Amino acid sequence: MDYARILREIAEEVRPLVGQGRAAEYIPPLARVPRDRFGMVVRTVDGEVFAVGDAGERFSIQSIAKVFGLTLAMRLEGDAVWKRVGREPSGSAFNSLVQLEVEHGIPRNPFINAGALVVLDLILSHQPDGVDLVLDFVRHAGAESPVGYDAAVAAAERATGHRNRALAHFLKSFGNLGNDPDRVLDAYFLLCSISMSCAEIAAAFQYLATGGLSATGERVATERQVKRVNAVMLTCGVYDEAGDYAYRVGLPAKSGVGGGVVAVMPGRFVATVWSPCLSEKGNSLAGTMALELLTTKTALSIF
Ligand code: GLN
């Protein structure tokens, strides 16, 4: 497979879409990222890396980090995770309050904001410095370079995160948050502010394409956990665009409002793409098109 050529073609073909849509303006530092950025990486399970555009530039990974959180929680708690959070697509926005009220404080899935708060609450109950545990996991899984938080993004999330505060307190009122809501929120804002490049994300996600082995060949998840994390990514990873992604891309994927999307082709590759402007649903517009082109040109998808 000539991934280098395919990536060059994709970068060319998505150009007209780059800069269309809107950046995540509700988090001010994200609104200041240049709109013309586009980067993409394909990393094969053998560790071969193909890149195009701004693939080495770090950006705010936002909700992509929720995948690391879920994997960690599954390692710590096993199936008990699913007593506190569902695994059904939400069909509504990632920060919706309505569904949580109707469903008595059990978030639909671990990738909407409410679900990620519950997952972090679980992690914090095991480990007081729970977010560092997530970063450790990322370093372990990806290995190549030290990864950290973007302090400005974390501060902006803290300052503007009124909806997330509402969700955390709502969860607490339903008895689905063990820790103090402010503590869980602090962890959540840090989690969202992790900064990584497409290349770093692809390395850190390698375990989901290899049945659990990290980029350095260490076992960081069981095959059973990997199967499940990928299933939840397919059905819930891109919020209320999950159906469209399955149709157009055909791979488990996870997006973040920083404009990153990571997709997994089990047994073959991890693909990461970044372009900051988003669709109405909060997924990178150019990124989605790039992934659709990748599975079209390679004729590889889980279907
Ligand atoms: N930090 C963002 C929020 O809480 C994460 C959302 C996302 O990436 N979809 O709103």
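None of the values given here were measured: they were computed from a predicted structure. Sequential numbering from 1 along the given sequence is applied to the chain's residues.
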Value rounded to 0.5 Å, distance of [atom1] in [X] from [atom2] in [Y]:
{"X": "Ile27", "Y": "Ser193", "atom1": "CD1", "atom2": "OG", "answer": "10.0 Å"}
{"X": "Leu191", "Y": "Leu185", "atom1": "CG", "atom2": "CG", "answer": "12.0 Å"}
{"X": "Ser301", "Y": "Met265", "atom1": "OG", "atom2": "CE", "answer": "6.5 Å"}
{"X": "Asn283", "Y": "Glu241", "atom1": "CG", "atom2": "CD", "answer": "4.5 Å"}
{"X": "Arg268", "Y": "Asp46", "atom1": "CZ", "atom2": "CG", "answer": "9.5 Å"}
{"X": "Ile64", "Y": "Met196", "atom1": "CD1", "atom2": "CE", "answer": "9.0 Å"}

If you look at every heavy atom in [X] and [Y], which pair is closest and at what distance?
{"X": "Arg75", "Y": "Val220", "answer": "NH1-O, 2.7 Å"}
{"X": "Val270", "Y": "Ala209", "answer": "CG2-CB, 3.9 Å"}
{"X": "Pro107", "Y": "Val118", "answer": "CG-CG2, 3.8 Å"}
{"X": "Gly237", "Y": "Phe111", "answer": "CA-CD1, 3.9 Å"}
{"X": "Ser96", "Y": "Gln99", "answer": "OG-N, 3.8 Å"}
{"X": "Ser284", "Y": "Ser275", "answer": "OG-O, 2.8 Å"}

Is any side-chain heavy atom of [X] less than 4.5 Å from a side-chain heavy atom of [Y]?
{"X": "Arg228", "Y": "Asp79", "answer": "yes"}
{"X": "Asn164", "Y": "Phe189", "answer": "yes"}
{"X": "Leu72", "Y": "His126", "answer": "no"}
{"X": "Val98", "Y": "Ser92", "answer": "no"}
{"X": "Val81", "Y": "Pro110", "answer": "no"}
{"X": "Tyr26", "Y": "Val257", "answer": "yes"}

Can any side-chain N or O of [X] pair as donor or acceptor with the backbone N or O of [Y] at less than 3.5 Å?
{"X": "Arg139", "Y": "Val147", "answer": "yes"}
{"X": "Asn109", "Y": "Gly115", "answer": "no"}
{"X": "Arg108", "Y": "Pro89", "answer": "yes"}

Quiz item: Under the salt bridge (Lys or Arg N to Asp or Glu O under 4.0 Å) rule, what pairs show up with a residue in residues 150-175, not counting sequence neighbours?
Solution: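 Non-adjacent pairs meeting salt bridge (Lys or Arg N to Asp or Glu O under 4.0 Å): Arg158-Asp186.
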
Quiz prompt | Stepwise side chain to side chain contact (heavy atoms under 4.5 Å, CB included) check, Tyr207 with Arg219 | solution = CA-CA 8 Å; Tyr207 72 100; Arg219 178 155 296 281; over 6 Å; no

Self-check item: Check: Phe205 ring centre within less than 6.0 Å of Phe68 ring centre
Solution: yes

Quiz item: What about the rings of Phe50 and Phe269, do their centers lie closer together than 6.0 Å?
Solution: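 They do not qualify: ring centres at least 6.0 Å apart.
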
Practice problem: Give me the one residue out of Val52, Val261, Val262, Leu7 that meets side chain to side chain contact (heavy atoms under 4.5 Å, CB included) with Val273. | Solution: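 Going through the options one by one, the only one that passes is Val261.
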
Quiz item: Which of these, Leu208, Thr210, Val45, Asn230, sits in a side chain to side chain contact (heavy atoms under 4.5 Å, CB included) with Pro266?
Solution: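 Answer after filtering Leu208, Thr210, Val45, Asn230: Asn230.
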
Quiz item: For Thr44 and Tyr3, what are the C-alpha separation, side-chain angles and deciding distance, and is it a side chain to side chain contact (heavy atoms under 4.5 Å, CB included)?
Solution: CA-CA 10 Å; Thr44 70; Tyr3 289 114; 3.8 Å; yes

Exercise. With side chain to side chain contact (heavy atoms under 4.5 Å, CB included) as the test, would you mind laying out the steps for Leu122 and Leu76 before giving the verdict?
Key: CA-CA 9 Å; Leu122 285 171; Leu76 293 167; over 6 Å; no

Quiz item: What is the ring orientation for Tyr239 with Phe94, classed by angle as parallel under 30°, tilted 30 to 60°, or perpendicular over 60°?
Solution: tilted

Self-check item: Residue list, side chain to side chain donor-acceptor pair (under 3.5 Å) with Thr298, at least two apart or on another chain
Solution: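 For Thr298 there are no side chain to side chain donor-acceptor pair (under 3.5 Å) partners, ignoring immediate neighbours.
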
Quiz prompt | Salt-bridge present (Glu223, Lys227; N to O < 4.0 Å) | solution =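 Between Lys227 and Glu223 there is no salt bridge, as every charged N stays at least 4.0 Å from the carboxylate O atoms.
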
Quiz prompt | Salt-bridge present (Arg84, Asp121; N to O < 4.0 Å) | solution = yes

Quiz prompt | Ring-face cation contact, Trp82 with Arg87, 6.0 Å cut, 45° max | solution =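 Relative to the ring axis of Trp82, which defines the angle, Arg87 lies inside both limits.
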
Practice problem: Start with the C-alpha gap between Asn113 and Lys66, add the side-chain angles, then the distance that decides, and say whether side chain to side chain contact (heavy atoms under 4.5 Å, CB included) holds. | Solution: CA-CA 9 Å; Asn113 293 10; Lys66 290 173 182 166; 2.7 Å; yes

